[in-house]
Amino acid sequence: MSAEGVNSYRTGPDERGRFGIYGGRFVSETLMPLILDLEARYEHAKTDPSFWAEMDDLWKHYVGRPSPLYFAERLTEQLGGAKIYMKRDELNHTGAHKINNVLGQIILARRMGKTRIIAETGAGQHGVATATVCAKFGLKCVVYMGATDVERQKPNVFRMKLLGAEVVPVTSGRGTLKDAMNEALRDWVTYVDDTFYCIGTVAGPHPYPAMVRDFQSIIGRETRAQMLEREGRLPDTLVACIGGGSNAMGLFHPFLDEESVRIIGVEAGGHGVDARMEHAASLTGGRPGVLHGNRTYLLQDEDGQILEGHSISAGLDYPGIGPEHAWLHDAGRVEYVAVTDDEALEAFQACCRAEGIIPALEPSHALAHVMKIAPELPKDHLLVMNMCGRGDKDIFTVAEALGAKI
Amino acid sequence: MTRIADRFAELKAQGRSAFVSFVMAGDPDFETSLELVRGLPGAGVDVIELGMPFTDPMADGPAIQMAGQRALAAGMTLSRVLDLVAAFRKEDDRTPIVLMGYYNPIYAMGVPRFLERARAAGVDGLIVVDLPPEEDDELCLPARAAGLDFIRLATPTTDDARLPKVLSNASGFVYYVSITGITGAAAADAARVAPEVARIKARTDLPVCVGFGIKTPESAREIAAAADGAVVGSAIVERLGRGEPPARILEFVRSLADAAHGA
């Protein structure tokens, strides 16, 4: 699959798990038989109507799907340009899009006879979603979380414990998401027989990037139907934030072949995308490399050592990005931009006051970019941003950044 | 014949198993590391595995993680690893050196440039943990074409159906990972290793060395008796972490090597 001359942007990955040169299966031999087995089982489940019937039932009655497509009227008036819609995935059970994917993986794990689920988490949203679904099905759950993130996301740590999960603080490296992922892989390589690794984003070895995308694509499919019903046509622009990129891929994928739809991914620019590397914008400020089972854009030094990203948002603080995004970037189908911590904080507050919605810091990045471009767009321009998480978990971080005491 | 093939042929003629030791290049610093590596052949090491430090060693336990961090903190890079090999080769042209690590630093240097420099420095083989046979065209095939051995890992999860694929482009020797787990974790069990080694040897003429979880001379003896060689890494590297001087570490290495050779 090459970027040139493609008829469709939706056919990847190829049989080797690649999107162009990105993706692949860069794992140790111990894990290789496990991911081949997972791929075979997923390929089977994907075409099994009973699998999707189970998903649809739980999406509807447990998660609360479909999530609304909400017209943000006051924000639209204030910005004075494009008509801004929000895809309200923050209204899902557990407060973010993460559960869309977790449900799929856990149902698959149950079909594979696995009894122990492990996960990595950054902001804690994927960890909470995994702990939640494990509680529902009575599965043992172990969540790896960087020690730094355990500190800055205390409410989510407590939530996971309430749900019966074991939360393991990871002190190796700088104690953030990438270190948590290393530790989860070390766990998996040790407990190969009964354990299923539930990855939270569209990264990792094949088949994870494709599988997580497929589960998250419910976001884009709903958006498409809802927009057609509401406005009688497709949206003109889609905007979503990107850490690993699962909420963005979920929104984007069903629209990739719609030439009229402009698609924008927003990375975490931290303190600014420059030589200081105090950001988490892998596409804007990184280059291709191999980490965590796939080739993709990475923040790294000249020697190929991985750099720690920085973002005010723990959920975006990852030095890589899903391989399909890397391919879409090179192919030019999706535009990728970066938004700084300060811009995200501005958008966070604007959204609270204009719409009565406290967004997570992650989608606040997407919203910050919307606030930049919407004023220049015509009033009949239909813009959708993915409100992929709610901000309850972030109020302490925001209070600290704003110098407020709570 | 390569240095690796020569060495195993020699050992076979002597009826001995190989002792393979792992140390992280540049741990705790370039000079101390070079001193240690230079002492390994004299301490009875048959094949030297030299770690290429990486920030995210996903298959390694705490001992080797820390070793990599110490080396990186002291300014080690892949380029300096190759310098270290070249410095070693000035004094020893016979002991095989196998570089062990992860793909990204090699990818960052560029595969052709890396292979050219590795050959020139006197590297004999490569073990790259995150390159399974499915990704052979990345580095395995170019390395073989450049005359370097590509040592493959076989593990307890590599079943009979998969084994031929794992062995297909393997050369030098086969590294059997004795446990499911990370380096330096659970103890290797010789009784469980022996049939696995036999299973692999039924399908290849390459020597089979066993590593992961060998920490003591007794364990090295048992494992070496069940295979063509025993590999020890974490137990050696841990001593560097505790600040032991190279001379004392080499004494420990000698006790391991003697045990493995006595098998």
Side-chain angles (χ1 to χ4, degrees), chain A residues 15-18 21 23-37 39 170-174 178-195 204-206 287-296 298-308 319-320, chain B residues 52-62 65-66 68-69 72 75-81 101-110 114 127-135 137-139 152-159 161-163 165-166 175-177 179-183 185-186 212:
Chain A
E15 69 284 355
R16 300 179 63 199
R18 301 239 179 150
I21 66 163
R25 291 180 282 222
F26 297 89
V27 296
S28 65
E29 173 59 24
T30 308
L31 291 181
M32 201 59 217
L34 279 68
I35 66 166
L36 291 173
D37 181 44
E39 181 186 353
V170 177
T171 52
S172 63
R174 212 174 68 184
K178 96 174 161 74
D179 308 299
M181 198 152 178
N182 288 334
E183 214 55 38
L185 286 163
R186 290 179 187 127
D187 176 303
W188 201 22
V189 91
T190 306
Y191 302 100
V192 293
D193 293 326
D194 63 348
T195 297
H206 180 63
R287 64 176 205 280
V290 172
L291 179 71
H292 292 155
N294 61 154
R295 178 170 16 234
T296 188
L298 299 172
L299 302 183
Q300 55 183 320
D301 68 12
E302 269 188 27
D303 188 42
Q305 305 297 338
I306 309 303
L307 299 173
E308 301 281 353
Chain B
M52 300 176 278
F54 182 48
T55 40
D56 295 77
M58 285 152 287
D60 286 303
Q65 289 175 36
M66 299 300 285
Q69 284 177 24
L72 290 172
M76 207 59 189
T77 60
L78 180 54
S79 184
R80 294 288 284 156
V81 173
Y102 298 82
Y103 185 37
N104 199 54
I106 295 171
Y107 186 70
M109 181 180 278
F114 167 74
I127 302 176
V128 184
V129 179
D130 51 356
L131 286 177
E134 279 74 4
E135 305 291 353
D137 51 359
E138 294 283 336
L139 180 64
R152 193 83 85 191
L153 301 173
T155 71
T157 59
T158 313
D159 63 15
R162 182 168 169 78
L163 198 48
K165 187 169 184 88
V166 167
Y175 186 140
Y176 180 67
V177 176
I179 53 163
T180 58
I182 51 179
T183 52
F212 281 46

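Within every chain, numbering begins at 1; the chains are lettered A, B, ... in the order of the sequence lines, protein sequences first and strands thereafter. Values below: all heavy atoms of this structure, side chains included; hydrogens, waters and symmetry mates excluded.
- When the side chain to side chain donor-acceptor pair (under 3.5 Å) test is applied to A:Thr195, the partners found at least two apart in sequence or on another chain are A:Arg116.
- Donor-acceptor pairing under 3.5 Å is lacking for the side chains of B:Ser79 and B:Thr77.
- Here A:Pro288 is the residue among A:Ala184, A:Pro288, A:Ser172, A:Gly24 with the most heavy-atom pairs under 4.5 Å with chain B.
- Here the CZ atom belonging to A:Arg295 is positioned 7.5 Å from the CD atom belonging to B:Glu135, to the nearest 0.5 angstrom.
- Considering CG of A:Asp303 and CD1 of A:Ile306, their distance stands at 10.5 Å, rounded to 0.5 Å.
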Exercise. Are A:Lys178 and A:His292 close enough, and set up right, to give a side-chain contact (heavy atoms from CB on, under 4.5 Å), and what steps lead you there?
Worked result: CA-CA 8 Å; A:Lys178 96 174 161 74; A:His292 292 155; 3.9 Å; yes
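- Residue B:Ile106 does not touch chain A at all, counting heavy-atom pairs closer than 4.5 Å.
- The part of A:Gln300 that comes within reach of chain B is its side chain, from C-beta onward, which places non-hydrogen atoms under 4.5 angstrom from that chain.
- Qualifying salt bridge (charged side-chain N to carboxylate O under 4.0 Å, His left out) partners for B:Asp159, counting only residues two or more places apart in sequence or in other chains: none.
- Heavy atoms of other residues, nucleotides or ligands lying less than 6.0 angstrom from CE of B:Met109 number more than 12.
- Taking chain A as the reference chain and counting heavy-atom pairs below 4.5 Å, the highest number among B:Ile179, B:Asp137, B:Val166 is found for B:Asp137.
- Heavy atoms of B:Val128 lying under 4.5 Å from chain A are absent altogether.
- Residue A:Leu291 touches chain B through its side chain alone, counting heavy-atom pairs closer than 4.5 Å.
- Not one N or O on the side chain of A:Glu183 forms a donor-acceptor pair closer than 3.5 Å with the backbone of A:Val170.
- Heavy-atom distances place both the backbone and the side chain of B:Glu134 under 4.5 Å from chain A.
- With a threshold of 4.5 angstrom between heavy atoms, B:Met76 approaches chain A through N, CA, C or O but not through any side-chain atom.
- Considering only heavy-atom pairs separated by less than 4.5 Å from chain B, the leading option among A:Leu185, A:Val192, A:Leu34 is A:Val192.
- With a threshold of 4.5 angstrom between heavy atoms, B:Met58 approaches chain A through its backbone and through its side chain.
- Heavy-atom distances place the side chain of B:Tyr103, and not its backbone, under 4.5 Å from chain A.
- Heavy atoms closer than 4.5 Å to chain A are found in both the backbone and the side chain of B:Pro57.
- Taking A:Gly289, A:Gly17, A:Gly293, A:Pro205 one by one and counting their heavy-atom pairs under 4.5 Å with chain B, the maximum is reached by A:Gly289.
- Put simply, the side chain of B:Phe212 does not reach to within 4.5 Å of the side chain of A:Thr30, judged on heavy atoms.
- Of the listed residues A:Leu31, A:Val290, A:Leu307, A:Asp187, the one with more heavy-atom pairs under 4.5 angstrom with chain B than any other is A:Val290.
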